[in-house]
Amino acid sequence: MNHTIVMIPGDGIGPEVTGATRRILDACGAELSWIERHAGLAALENGSDVLLPEETLDTIREHGVALKGPCTTPIGGGFSSVNVALRKQLDTYAAVRPIRSLDGVKTRYEDVDIVVVRENTEGLYSGIENVITKGVITSLKVATEPACRRIAEFAFRYARSRGRKRVTAFHKANIMKLTDGLFIRCAREAHEARYPEIEYDEVIIDAGCMRIVRDPSGFDILLCENLYGDVMSDLCAGLVGGLGVTPGANFGDDANVFEAVHGTAPDIAGKNVANPLAMIMSAVMMLNHLAETRDDPSARAAAMRIRDAYNACIAARERTRDLGGSLGTSEFADAVINRLDA
Ligand code: NAI
């Protein structure tokens, strides 16, 4: 079964990590065809006068699945975030970021296995900011019942389908009584009505951060509104080796975009030193999604081959320098390809 994937190389380290990932996907026997489209600065450089061309959105809508590198939103100049806009336009309302310890990557913690489920379409990322008067600016946090309900449903459904035990809602409803209050009320109601076998609890986000860095083992699925999910994703990435090893997926009813948690890393862009593993892991999530939704066992087999190959590389200390190794981005991809049949 052949799947058409929309490839968005992105900016900064994006072309390097997506290029490495595509080489691995092409080598692993997955039956994929590629259509390249642009977003971010790359869109402007390719002749668009907007950061997020309609053509890019339409192509993702048509094919349903995209693999995306990170994109830069220029600061100032009236640009709104290209990533936020992409998620809203495609209504990819659920971001899923699995955070797992990697065998052989030593951190302060062992056996971390957490999934951040982040509401992707509203909250403080609605981008509604107003200058009230000189020196006084407001930013509006939006919580709607349908969006709170569907992300809660998603988190519990995800927990059930993956055999996970607990959903913990992160909130600040003691201060934001109405917005975060709505968020946890929807989570409670979903739990009570349909998912009684899943454990559910709530934690105020500041106390939750403290608990998670002391001992992540008590956490399973973190259910977060948009901003908290963004912050918790990077915090949790730090528990297992950093942004180079944290993949992600943005799920919607009609479109699904797979992308690493990290950004464009301008400090290391163009130097062939970025770790492509987070992007490669995102591609593995994409293959598993194709296997599940399109009933294609060969996509699952390809995902497992890639996962076994990168795990073998990490165990053999074939790594990029953020994980204490010396391989460049493309050399790490070569190492994974060499181990695909091992
Ligand atoms: P960042 O994730 O780009 O970088 C933070 C730190 O992590 C840097 O020191 C970087 O070198 C390191 N890092 C990130 N990815 C790495 C990798 N694969 N291998 C090795 N080291 C890695 O975050 P920052 O600096 O806050 O954002 C830079 C730009 O990226 C901004 O323009 C931001 O808007 C954009 N961004 C885009 C995202 C997306 O497209 N999904 C997500 C986050 C940020």
Side-chain angles (χ1 to χ4, degrees), residues 6-21 24 37-45 51-52 56 60 66-77 79-90 92 95-97 99 102 105 116 118 120-121 125 127 226-227 229-251 256-283 285 310 313-314 319-333 336:
V6 183
M7 168 63 91
I8 302 172
D11 301 315
I13 62 170
E16 297 166 71
V17 294
T18 55
T21 303
I24 294 167
R37 291 288 180 269
H38 294 289
L41 292 182
L44 303 183
E45 281 154 17
L51 290 167
L52 185 54
T56 299
I60 301 173
L67 191 60
K68 173 185 167 294
C71 293
T72 303
T73 302
I75 295 175
F79 292 106
S80 60
S81 164
V82 63
N83 299 303
V84 173
L86 186 83
R87 293 166 193 157
K88 274 176 132 173
Q89 296 277 337
L90 296 173
T92 50
V96 172
R97 278 99 182 258
I99 319 275
L102 278 171
V105 175
V116 177
R118 166 186 175 188
N120 241 352
T121 63
Y125 286 23
N226 209 339
L227 172 65
D230 196 2
V231 175
M232 293 312 296
S233 301
D234 278 37
L235 184 148
C236 291
L239 306 175
V240 296
L243 290 168
V245 301
T246 314
N250 303 296
F251 292 110
N256 304 280
V257 178
F258 296 82
E259 62 175 339
V261 170
H262 64 70
T264 57
D267 51 335
I268 55 169
K271 297 180 179 163
N272 191 40
V273 296
N275 188 352
L277 187 51
M279 196 69 224
I280 298 166
M281 292 167 144
S282 306
M285 291 177 78
Y310 71 63
C313 289
I314 298 297
R319 307 170 180 184
T320 47
R321 72 180 194 187
D322 57 311
L323 297 181
S326 58
L327 297 186
T329 311
S330 52
E331 289 71 31
F332 181 75
V336 174

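Residue numbers run from 1 in the order of the sequence given. All values below were derived from every heavy atom in this structure, side-chain atoms included, with hydrogens, water molecules and symmetry-related copies excluded. Just follow the structure's listing: the first ligand is 1, and inside any ligand the first atom is 1.
Closest heavy-atom approach to atom 6 (C) of ligand 1 within the set T320, T73, L243: this belongs to L243. Distances from atom 21 (N) of ligand 1 to the heavy atoms of I268, N250, N275, V257 put I268 nearest. Of all the listed residues (D322, L86, I8, D267), D267 holds the heavy atom that lies closest to atom 9 (O) of ligand 1. For atom 34 (O) of ligand 1, the choice among C71, G263, G10, P74 with the nearest heavy atom turns out to be C71. In this comparison of V273, N83, T72, the heavy atom closest to atom 32 (O) of ligand 1 sits on T72.
The ligand atoms of ligand 1 that sit less than 4.0 angstrom from a heavy atom of P266 are 28 (C). Here is the list of ligand 1 atoms found below 4.0 Å of a heavy atom in V261: 42 (C).
Between atom CD1 of residue I99 and atom CE of residue M232 there is a gap of 9.0 Å, rounded to the nearest 0.5 Å. If you take NE2 on H38 and OG1 on T56, they are separated by 8.0 Å, rounding to the nearest 0.5 Å. In this structure, OG1 on T72 lies 9.0 Å from CG on L51, to the nearest 0.5 angstrom. To the nearest 0.5 Å, the span separating OG on S81 from CG on L52 amounts to 9.5 Å.
T246 places a side-chain N or O within 3.5 Å of a backbone atom of G242 that can act as its donor or acceptor partner.
Here the rule is side chain to side chain contact (heavy atoms under 4.5 Å, CB included) with V257, and of L67, I8, V6, N250 only N250 fits it.
When hydrogens are left out, the protein atom nearest atom 14 (C) of ligand 1 is H262 CB, 3.7 Å; that is the closest non-hydrogen contact. Ranking the protein heavy atoms by distance from atom 41 (N) of ligand 1 puts E259 OE1, 3.1 Å first.
Counting heavy atoms from C-beta on, the side chains of H262 and I13 come closer than 4.5 Å.
Checking atom 18 (N) of ligand 1 against the protein gives a heavy-atom contact under 4.0 Å. Note that atom 27 (O) of ligand 1 has no protein non-hydrogen atoms nearby, at separations under 4.0 angstrom. Counting only heavy atoms, the protein gets under 4.0 Å from atom 30 (O) of ligand 1.
Between the side chains of Y125 and N120, no donor N or O sits under 3.5 Å from an acceptor N or O. Side-chain contact of K68 with N83: a donor-acceptor pair under 3.5 Å is present, judged by distance alone.
Heavy atoms of V17 come nearer than 4.0 angstrom to ligand 1 in no pair at all. Using a 4.0 Å heavy-atom cutoff, R87 is listed among the residues neighbouring ligand 1. The shell of residues lying under 4.0 angstrom from ligand 1, judged by heavy atoms, excludes D234. The closest approach between a heavy atom of M279 and any atom of ligand 1 is not below 4.0 Å. Distances from ligand 1 to the non-hydrogen atoms of A278 include no value under 4.0 Å.
With a heavy-atom cut-off of 4.0 Å, I13 touches ligand 1 through its side chain alone.
The shortest N or O to N or O distance between A265 and ligand 1 is under 3.5 Å.
When the side-chain contact (heavy atoms from CB on, under 4.5 Å) test is applied to A249, the partners found at least two apart in sequence or on another chain are F251, F258, M285.
A salt bridge is defined here as a Lys NZ or Arg NE, NH1 or NH2 lying under 4.0 Å from an Asp or Glu carboxylate O, and R87 with E259 meets this definition.
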Enumerate donor-acceptor pairs with a distance under 3.5 Å from any side-chain N or O in residues 272-281 to protein atoms, sequence neighbours excluded.
residue, atom, partner, partner atom, Å
N272, OD1, T329, N, 3.1
N272, OD1, S330, N, 3.0
N272, OD1, S330, OG, 3.3
N272, ND2, S330, OG, 3.4
N272, ND2, E331, OE1, 3.1
N275, OD1, L277, N, 2.9
N275, OD1, T320, OG1, 3.4
N275, ND2, G244, O, 3.4
N275, ND2, T320, OG1, 3.3
N275, ND2, D322, OD2, 3.1

